[in-house]
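Below is one structure, written out as structure tokens; the observations come after it.
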Amino acid sequence: MRLYINIDHVATVRQARMTIEPDPVRAAVLAELGGADGITVHQRIDRRHISPRDVELLMQTIRTGLNLEISSRERMVDFAVGVAPKAVTLVPESRQEVTTEGGLDLGAAEVRQSVATAIERLVDEGIRTSLFIDPDNEAIDHAAALEADAVELHTGEYANGSTSQEKADELGRLARAAEHAHDAGLAVHAGHGLTYENVVPVAALPRIEELNIGHSVVSRAIFTGLERAVRDMRTIVDAAPSRVARPGEWIHPIGF
């Protein structure tokens, strides 16, 4: 299981004072030392946290690989092509949202066309492509038809479940979607809202090969330091397959 650490919210703290610290590039180095397999950042159109300069410096600094999340708008794809990260994940984006609120609406023709154009350009540059989608078979079928390399399943509904039954139902939905995506020839990633307390059942799903986790790790790092926070998440994810007995049951092996 690959663990990518999203460092957006290190930049969020920096931008709260419009200063130079904390530096997300330094955070990325510590995340790698803690066992991250890669670094994820979301370059938003409004540049509310990660800046173009951050991305450029990350490309020069990190030793693993960069997963750049962007919208499929032409100028964002132009930027991605210019920096040439290891992977690009296309995500929906709204200026009003606090965080990404759901997957790409691939049922809409205009969204599919925009995504198709972006994928074509990225593939021409040798950049791996992923689409952030809800765990829905129709969305997965669209992603396969668009010839993306991977899908990242939105785990927000699972993370936000208020009861054990709701979490179990959403976990089952994720499991079925992961199987469907795998059968369609897509690599399967997952992320959004995953924490130390809820990650184990998702990490235990056999078809998911990569997790993207950010806010929970950055939050824990305030108390433990970032390298330790990543190492703790790494330990939980690596132990997941042997720790889950059934959907809806999870174990938190490391105390806060």
If you measure only the distance, is there a donor-acceptor pair under 3.5 Å linking the side chains of S114 and E110?
no
Donor-acceptor pair, R44 side chain versus H49 backbone, under 3.5 Å?
no
Is the count of non-hydrogen atoms from other residues, nucleotides or ligands lying under 6.0 Å from R128 atom CZ greater than 12?
yes
Reported CD-to-CD distance for the pair E152 and E69, which is rounded to 0.5 angstrom
6.0 Å
Test: R48 and D46 ion pair at under 4.0 Å:
yes
Between R173 and P135 (side chain of the first, backbone of the second, donor and acceptor by atom type, cut-off under 3.5 Å), is there such a pair?
yes
Would you find a donor on one side and an acceptor on the other, under 3.5 Å apart, between the side chain of N198 and the backbone of Y158?
no
Out of curiosity, L58 CG to I50 CD1, how far, rounded to the nearest 0.5 Å?
6.5 Å
Within a strict 4.5 Å, meaning less than it, do heavy atoms of the N67 and K86 side chains meet?
no
So, T195 and S216: side-chain donor and acceptor under 3.5 Å apart, yes or no?
no
Does any donor atom in the side chain of H154 or D134 lie under 3.5 Å from an acceptor atom in the other side chain?
yes
Working note: H180 + D141, criterion side-chain hydrogen bond (donor to acceptor under 3.5 Å, both in side chains); need CA distance, chi angles, decisive distance, verdict.
CA-CA 9 Å; H180 188 74; D141 291 341; 2.7 Å; yes
Please identify each residue that fulfils salt bridge (charged side-chain N to carboxylate O under 4.0 Å, His left out) with R2, with sequence neighbours left out.
E209, E210
I need the minimum non-hydrogen distance between L153 and A177, along with the two atoms involved.
CD1-CB, 4.1 Å
Between atom CG of L131 and atom NE2 of H189, what is the distance when rounded to the nearest 0.5 Å?
11.0 Å
Inspect the contact between E227 and R231 and indicate whether a charged nitrogen and a carboxylate oxygen are less than 4.0 angstrom apart.
yes
Please report the shortest heavy-atom distance between V10 and P22, naming the atom on each side.
O-CG, 3.5 Å
By side-chain contact (heavy atoms from CB on, under 4.5 Å) - contacts of R234 (at least two apart):
L3, D37, V237, D238
Is the closest side-chain donor-acceptor distance between D232 and T235 under 3.5 Å?
no
Minimum side-chain heavy-atom gap F132-H192 below 4.5 Å
yes
Point-to-point distance, once rounded to the nearest 0.5 Å, from CZ of R14 to OG1 of T19
9.0 Å
Kindly indicate, with the supporting measurements, whether the criterion side-chain hydrogen bond (donor to acceptor under 3.5 Å, both in side chains) is fulfilled by T64 and E32.
CA-CA 7 Å; T64 51; E32 289 182 320; 2.6 Å; yes
Strictly by modelled atom types, are E93 and H42 linked by a side-chain donor-acceptor pair under 3.5 Å?
yes
Hey, could you give me the CG/OG1 distance between N212 and T155, rounded to the nearest 0.5 Å?
9.5 Å
